[in-house]
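Written out below as structure tokens is the structure these notes cover.
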Amino acid sequence: MSLEEQEKLLKERFPEALQEKPKEVKKGLPPLPNAEKGKVKTRFAPNPDFYMTLGNARPAIVSHEYARMYEGKFVLRFEDTDPRTKRPMPEAYEAIKEDLEWLGIRWDELYFQSHRMEIYYDLLKELIRRGGAYVCTCPPERWRELRDAGKPCPHRDEPPEVHLERLEKIFAGEYGEGEAVVRVKTDLKHPDPSVRDWVAFRIIDTSKHPHPLTGDEYRLWPTYNFAAGVDDYLMGITHVLRAREHQQNTVKQRFLYEHFGWKMPEVIHFGRLKLEGFVLSKSKMREMGLRGDDPRLATIRGLRRRGFAPEAIREIMIEVGVKKSDASISFSNLAAVNRKIIDPKARRVMLVEEPAEARLELPEPLTAELPWHPKVPELGRRSYEVRPGETVYLEKKDLIRAKKKGGIRLMELANFRYAGYDEERGQHVLEFESRELDKRYEIVQWVKEPVRAVVWRPGEGKGCALAEPEARELGGWVQMIRKGYAKVEGVDDSTLHLIYLHE
RNA sequence: GCCGCCGUAGUAUAGUCCGGCCAAGUAUGCGGGCCUCUCAAGCCCGUGACCCGGGUUCAAAUCCCGGCGGCGGCACCA
């Protein structure tokens with residue numbers, strides 16, 4: 001039976017079987033496990049050691065979005081507990097907040113871990129009393145040997161009082177960096193050696209490495225696993241969304257939760273994120289030695305300056321979601337999402353990058369009326385008058401094609417016959433043909449009495465161009481006609497600065 | 001090396017838990033067309049994927065086993 005015959009038969013006998021089922025097209029993030037409306041609490045916990053990057057935007061956006069979806073709460077927490085190797089960058093705190101706000105992310109609660117040290121110390125003492133942690137003064141190499149052998153260090157089984165005493169000595173400054181650490185008891189036979197009695201606190205000499213917020217006030221600092229683990233509980237976080245590099249940390253933190261008798265939040269790990277053509281790693285970005293808002297950077301402020309809309313970044317992050325596999329965002333995909341958002345706001349501007357002069361032979365002056373946007377009349381219009389014999393600038397390429405085709409149409413102005421090249425004056429000569437739109441000819445942008453423009457194509461460099469005079473008044477997004485979208489940086493010395501965005 | 005996670009079109013994602021409505025959806029890209037004083041936007045048509053090999057089953061993207069591939073972790077970083 002052919003498909004058609006089968007369909008016919010079905011239609012006759014069981015018409016209900018052919019009813020189209022309304023297929024739910026799910027937009028947005030998949031549901032969260034064990035989530036209840038009104039009770040979800042998520043967090044974004046950046047280390048303020050650099051500007052926020054697109055990579056950071058993923059946990060920030062999905063965490064915030066989940067809180068919003070479930071009408072829950074969202075926490076912003078700065079994890080600045082390493083004044084030595086990942087020393088916080090003082091300006092990063094405010095920069096990250098600004099970037100989050102720009103992305104449309106509002107937080108219900110704000111914390112700085114460096115201001116929570118007393119809380120961590122109290123909990124540490126409690127943990128020691130419970131026999132869940134100990135102060136270890138073994139030399140690192142010795143400890144490593146024991147760990148690899150799956151054996152306890154001599155301090156592990158000492159009574160809590162000994163450790164509490166030693167802890168006081170640490171506070172009193174009797175131990176230097178590396179001379180003592182606090183370890184959480186886990187499983188000495190755990191297949192992953194790094195899980196075995198992991199370090200919860202270490203000494204950092206803040207007289208040499210002052211913390212930007214607390215100076216040298218504290219010298220015993222919690223590690224990520226202690227501080228984040230404890231805070232997620234204390235702050236009532238129900239769902240933790242973080243990258244897969246934290247998978248082992250979840251294993252480690254589970255031991256902490258067991259010692260305290262706490263319930264672990266749901267933890268979701270997602271894969272690595274790549275953006276075609278960009279470096280996403282903070283350390284590599286730092287090495288590049290560029291300003292935080294350089295448009296070549298995949299920092300939030302870099303993308304912002306280049307012209308990406310916050311909605312576009314949000315949308316793409318929600319689309320990518322929280323899968324465990326790695327995701328590589330293609331630039332054209334990001335551009336497409338962005339284009340849809342900015343296109344209605346982008347005024348069309350005529351700009352010539354490889355200019356050649358053309359003299360217009362006209363019987364009488366002509367005026368071109370150009371709307372700033374073909375579909376959005378509210379954006380207004382401007383007009384230019386051209387007089388007989390006046391010089392305009394066109395793209396070299398367009399003039400070459402005009403020569404081949406015999407003519408050219410200057411946008412909204414008129415059709416011209418290509419009448420040759422005036423060697424003496426170094427000008428192409430275009431002769432007026434007609435006003436009405438002539439589809440035989442290519443429609444091109446043109447400029448007269450232009451203003452200087454600099455177009456910065458991130459990754460390629462800056463190039464000079466000539467822009468129509470009215471362009472001086474522009475701001476925000478523009479579309480360089482036939483070239484692509486750009487962001488207006490500003491005008492100085494009567495030069496218009498543009499950053500090329502995408503096609 | 002050891003431990004762990006993941007493999008759906010060029011890219012991203014839906015479907016995988018609970019096998020059949022999947023002859024695999026959507027977006028973007030790409031090709032073509034329509035519309036349009038931009039090569040933009042909009043509209044229409046087309047293109048293109050279940051990592052490989054076995055097994056279970058009437059039926060496998062989905063369950064099982066084995067390969068292969070990618071990624072992550074193995075810090076007194078976060």
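Atom set for the values below is all heavy atoms of this structure, side chains included, hydrogens, waters and symmetry mates excluded. We name chains A, B, ... by the order of the sequence lines, and we start the count at 1 in each one.
Between A:Arg272 and B:G72 there is a side-chain polar atom (N or O) within less than 4.0 angstrom of OP1 or OP2. For A:Arg339 and B:G29, the shortest distance from a side-chain N or O to OP1 or OP2 is below 4.0 Å. Close to B:C39, at under 4.0 Å from its OP1 or OP2, lies no side-chain N or O of A:Lys483.
A distance of about 11 Å separates the C1' atoms of B:A49 and B:G10, rounded to the whole Å. Here the separation of B:C3 from B:C22, taken at their C1' atoms, is 37 Å to the nearest Å. Here, B:G54 and B:C71 have their C1' atoms 26 Å apart, quoted to the whole Å. Spacing of C1' atoms, B:U47 relative to B:A9, comes out at 10 Å, to the nearest Å. B:C63 and B:A23 have their C1' atoms separated by 23 Å, with the value rounded to a whole Å. To the nearest whole angstrom, the two C1' atoms, one in B:G19 and one in B:C64, are 13 Å apart. Going from the C1' atom of B:A12 to that of B:A75 covers 34 Å, rounded to whole Å. Separating the P atom of B:C18 from that of B:C6 is a span of 15 Å, rounded to the nearest Å.
In summary, A:Arg43 and A:Asp231 do not engage in a salt bridge, as defined by a charged side-chain N under 4.0 Å from a carboxylate O.
Checking B:U8, B:A78, B:U38 against the side-chain heavy atoms of A:Arg202 singles out B:A78 as nearest. In this structure, the nucleotide among B:C71, B:A12, B:G29 sitting nearest to the side chain of A:Ala336 is B:G29. Checked against B:C74, B:C76, B:A40, the side chain of A:Ser194 finds its nearest nucleotide in B:C74. Closest to the side chain of A:Lys323, from the set B:C5, B:U8, B:A78, is B:U8. When the nucleotides B:U11, B:A40, B:C37 are ranked by their closest atom to the side chain of A:Met411, B:C37 comes out on top. Of all nucleotides listed (B:A75, B:U11, B:G29), B:A75 comes nearest to the side chain of A:Arg147. The side chain of A:Thr223 has B:A78 as its nearest neighbour among B:G10, B:C5, B:A78.
Contact of A:Gln479 with B:U38 (side chain to base): a donor-acceptor pair of N or O atoms is detected under 3.5 Å.
A:Glu412 comes within contact range of at least one nucleobase, with a heavy-atom separation under 4.0 Å. A:Arg196 comes within contact range of no nucleotide atom at all, as no heavy-atom separation falls under 4.0 Å. Note on A:His246: a base of the nucleic acid sits closer than 4.0 angstrom, heavy atoms only. Looking at heavy-atom distances under 4.0 Å, A:Arg219 makes no contact with the nucleic acid at all. As judged by a 4.0 angstrom heavy-atom cut-off over every strand, A:Pro140 is placed among the base-contacting residues. When heavy atoms are screened at a 4.0 angstrom cut-off, A:Asn249 is found touching base atoms of the nucleic acid. Within the 4.0 angstrom heavy-atom criterion, only backbone atoms of the sugar-phosphate kind lie near A:Lys324; the bases stay farther away. A:Gly271 comes within contact range of no nucleotide atom at all, as no heavy-atom separation falls under 4.0 Å. As judged by a 4.0 angstrom heavy-atom cut-off over every strand, A:Asp82 is placed among residues touching the sugar-phosphate backbone only.
Per the geometry, CG belonging to A:Asn338 stands 16 Å off C1' belonging to B:G29, to the nearest Å. Here the P atom of nucleotide B:G4 and the CG atom of A:Asp192 are 9 Å apart, to the nearest Å.
Note: A:His155 and A:Tyr134 fail the aromatic proximity criterion, with ring centroids not under 6.0 Å apart. No close placement of the A:Tyr441 and A:Phe416 rings is indicated, their centers lying 6.0 Å or farther apart.
Judged purely by atom type and a 3.5 angstrom limit, A:Ser383 has no side-chain atom pairing as donor or acceptor with the backbone of A:Glu369.
Remark: of the listed residues A:Arg219, A:Arg202, A:Arg84, A:Arg84 is the sole one forming a salt bridge (Lys or Arg N to Asp or Glu O under 4.0 Å) with A:Glu177. Here the options are A:Tyr51, A:Tyr111, A:Phe112, the test is ring pair (Phe, Tyr, Trp, His ring centres under 6.0 Å), and the partner is A:Tyr93; only A:Phe112 passes.
Taking for each of A:Val320 and A:Lys274 the nucleotide of RNA chain B with the nearest heavy atom, the 5'-most of the two is the partner of A:Val320. For the pair A:Ala45 and A:Glu436, nearest-nucleotide mapping onto RNA chain B gives the more 5' position to A:Glu436.
By the 6.0 Å and 45° rule, A:Arg381 does not stack over the aromatic ring of A:Trp372.
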